[in-house]
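Below is one structure, written out as structure tokens; the observations come after it.
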Amino acid sequence: MHINSGDTAFMMLCTAMVCLMTPGLAFFYGGLARKRSVLYIMMQSFISMGIVTLIWVYGGFGLAFGKDEGGVIGRISDYFALAHVGLVPNAVHAASIPFALFFLFQLMFCVITVPLISGAFAERLNMKGYILLLIFWTYLVYIPVCHWVWGNGFLAKWGFVDFAGGTVIHTTAGFAALASIIVLGKRKLKQNGMKPSNLMAAAIGTGLLWFGWFGFNSGGALKAGALATKAFTNTAIGLASGMIVWILYAKFVRGKFDFIDVLTGSVAGLATITPCAGYINPSAAVLVGLAAGIICNLAVSLQEKIGWDDALGVWGVHGIGGFTGTILIGILADRTVNGIGAGGHQFLIQTGGVILVAVYSFVITFILLKLLGALTNIRPTDKVISEGLDHTLLNETTYDIN
């Protein structure tokens, strides 16, 4: 094994791009949030970088990528406090780049996952509640699922695949979002529905997510080359197809579309293409975007009809997007791309695996929030929500509001 300088440079760039997605998500959610709670919601994304990095150093990385223990979890002692995480490549994980770079690339995925959930329960967790959720959820949901899929756990041994996180990140986050809005309930607001504070900020956040997503998906190849290029191409086409189909659906069903539809449709396309970016041909990426634009739209409409207060549509866009894209591997994968071919067997493995992960994430999140709520106060009061979390909890404001 030797370090390939081209692969190393490429993966450094991908890691930095994925890192940028967390502030990008902060802008996206902050722009879509009510103007009285913008900074609080943005802060939830930023603070994850600090807390999750320490979790990853002290046990998280070993539990995810250490030697497999019964298919369920990795060995915590393998890489605890960066033991054996150096510049020498690892034969199992990314054989042409320094192992420390693989550690960092995987860290960025872990950092963004709980912030993804935060858009659903906007304004319904105080900072203590959020930090407790961030710590326990990372250990109990993200790390085990990451091991099952990418750390040679039982799902990987079944033949289940997820190229860049449609299951590990989007499905876990989306179904945790669903559990959180059921446990935490609705906000008591005079006006329900989304009242975006600044669509220009949301657009900046979306642009940063677009940019970062190319590193997110093509970095799944773990080296520069044909596979990374195919994933890169599929990402662009999935984004475009998802956006246009979302807009057409909105126009056909609601009679109009708006700027939020343009932003959300592109993100739905990206979430859905993520798991299959390295297993399909670009011609099939159009179909993935088509599925995203229709299925994610139906999911968002369903949650509105049921009355779930998913403030920023996390379950419908990320959860159902990642879920759908994972299953589509079994329908659209081309064996010549990356060794995985579509067919009945693969379809059943993909469907069974993603349902298992969705149920696991939902149940653990549900129990975790119930327990945290029973043990300590994790909710802001109705008065605090009404007045805005920025002023009441942070003593700061984004805008000069009287």
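- Residues S96 and N4 bring no donor and acceptor atom of their side chains to less than 3.5 Å of each other.
- Side chain of S361 to backbone of A358: no donor-acceptor contact under 3.5 angstrom is found.
- At a threshold of 4.5 Å between non-hydrogen side-chain atoms, the residues V359 and I355 count as touching.
- Here the side chain of Q303 pairs no donor or acceptor atom with the backbone of V314 at under 3.5 angstrom.
- F121 has its side chain within reach of Y130: a pair of non-hydrogen atoms, C-beta onward, lies under 4.5 Å apart.
- Although no hydrogens or angles enter the test, the distance criterion places a donor-acceptor pair under 3.5 Å between the side chain of H147 and the main chain of A64.
- A 4.5 Å side-chain heavy-atom check between F136 and V141 finds every atom pair outside the cut-off.
- A 4.5 Å side-chain heavy-atom check between L87 and F99 finds every atom pair outside the cut-off.
- Remark: the T376 side chain and the K128 side chain contain an N/O donor-acceptor pair separated by less than 3.5 Å.
- Rounding to the nearest 0.5 Å gives a distance of 11.5 Å between CD1 of I329 and CD1 of I349.
- Taking the six-membered ring for Trp and thresholds of 30 and 60 degrees, W213 and H318 have nearly parallel ring planes, at less than 30 degrees apart.
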Yes or no on side-chain contact (heavy atoms from CB on, under 4.5 Å) for I295 and T272, after CA distance, side-chain angles and deciding distance?
-> CA-CA 10 Å; I295 295 170; T272 311; over 6 Å; no

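- At a threshold of 4.0 Å, the pair D309-R124 counts as salt-bridged, since one of the basic side-chain nitrogens sits closer than that to a carboxylate oxygen.
- Taking the side chain as every heavy atom from C-beta outward, T138 and I143 approach each other to under 4.5 Å.
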Starting from the C-alpha separation in whole Å, work towards a yes-or-no answer on side-chain contact (heavy atoms from CB on, under 4.5 Å) for M43 and L394.
-> CA-CA 10 Å; M43 185 169 149; L394 302 179; 3.8 Å; yes

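- Taking 4.5 Å as the limit, every side-chain heavy atom of C276 sits out of range of all side-chain heavy atoms of L332.
- At least one side-chain heavy atom of T167 sits under 4.5 Å from a side-chain heavy atom of F160.
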Run the numbers on L222 and M11 for side-chain contact (heavy atoms from CB on, under 4.5 Å), then give the verdict.
-> CA-CA 7 Å; L222 296 172; M11 289 306 298; 3.7 Å; yes

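- Other residues, nucleotides and ligands contribute at most 12 non-hydrogen atoms within 6.0 Å of the NZ atom of K67.
- In this structure, F175 and F362 approach most closely via the heavy-atom pair O-CD1, 3.5 Å.
- The structure places OG1 of T398 at 9.5 Å from CG of N198, a figure rounded to the nearest 0.5 Å.
- Taking the centre of each ring, F216 and F109 come in below the 6.0 Å mark.
- Using a distance-only test at 3.5 Å, with no hydrogens or angles considered, no donor-acceptor pair links the side chain of D310 to the main chain of I181.
- Within 6.0 Å of NE2 on H391 lie no more than 12 heavy atoms contributed by other residues, nucleotides or ligands.
- Between G289 and V245, the shortest heavy-atom contact is O-CB, 4.2 Å.
- In this model, no donor atom of one side chain and acceptor atom of the other lie less than 3.5 Å apart for D390 and T397.
- Applying the side chain to side chain donor-acceptor pair (under 3.5 Å) test to W137 and every residue at least two apart in sequence or in another chain returns T365.
- For the pair S37 (side chain) and L389 (backbone), a donor-acceptor distance under 3.5 Å is present.
- Side chain to side chain, Q350 and T326 fail the donor-acceptor criterion of an N or O pair below 3.5 Å.
- Side-chain atoms of Y139 never come within 3.5 Å of backbone atoms of P144 as a donor-acceptor pair (strictly under, hydrogens ignored).
- When all heavy atoms of V317 and C296 are compared, the pair lying nearest together is O-SG, 3.8 Å.
- By the 4.5 Å heavy-atom criterion applied to side chains, F211 and L208 are not counted as neighbours.
- Atom CG of residue L371 and atom CG of residue L132 lie 11.5 Å apart, to the nearest 0.5 angstrom.
- No more than 12 heavy atoms of other residues, nucleotides or ligands sit less than 6.0 Å from atom CZ of F257.
- Between D261 and K256, none of the side-chain N atoms (NZ, or NE/NH1/NH2) sits under 4.0 Å from a carboxylate O, so this pair counts as no salt bridge.
- The shortest non-hydrogen separation linking I273 to N234 is CG1-O, 3.4 Å.
- Residues that satisfy the side chain to side chain donor-acceptor pair (under 3.5 Å) test with S241, not counting sequence neighbours, are absent from this structure.
- The two residues W150 and F65 have their closest heavy-atom pair at O-CE2, 3.5 Å.
- Summarising the geometry of V85 relative to A100, their closest heavy-atom pair is CG1-CA, 3.8 Å, with the distance given to 0.1 Å.
- Applying the salt bridge (Lys or Arg N to Asp or Glu O under 4.0 Å) rule to E387 yields the partners K383; only residues at least two apart in sequence or on another chain are considered.
- Taking OG1 from T15 and CG from L101, the interatomic distance works out to 4.5 Å, rounded to the nearest 0.5 Å.
- With no hydrogens or angles considered, no side-chain donor-acceptor pair links H84 and D78 at under 3.5 Å.
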Test F323 against W315 for ring pair (Phe, Tyr, Trp, His ring centres under 6.0 Å), laying out the working first.
-> CA-CA 10 Å; F323 188 92; W315 174 75; 9.4 Å; no

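- The backbone N or O of T172 lies less than 3.5 Å from no partner atom in the side chain of Y142, so there is not a single donor-acceptor pair.
- There is a side-chain donor-acceptor pair under 3.5 Å between N281 and K230.
- Formation of a donor-acceptor pair under 3.5 Å by the Y29 side chain with backbone atoms of L116 is found in this model.
- Counting heavy atoms of neighbouring residues, nucleotides and ligands inside a 6.0 Å radius, atom OH of Y58 does not exceed 12 of them.
- No donor-acceptor pair under 3.5 Å is formed between the side chain of S118 and the backbone N or O of Q44.
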Verdict with supporting geometry, I385 and R34, side-chain contact (heavy atoms from CB on, under 4.5 Å) = CA-CA 10 Å; I385 293 171; R34 292 194 320 133; 4.2 Å; yes

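- More than 12 heavy atoms of other residues, nucleotides or ligands sit less than 6.0 Å from atom CG of L82.
- Aromatic pair Y79/F103: centroids not less than 6.0 angstrom apart.
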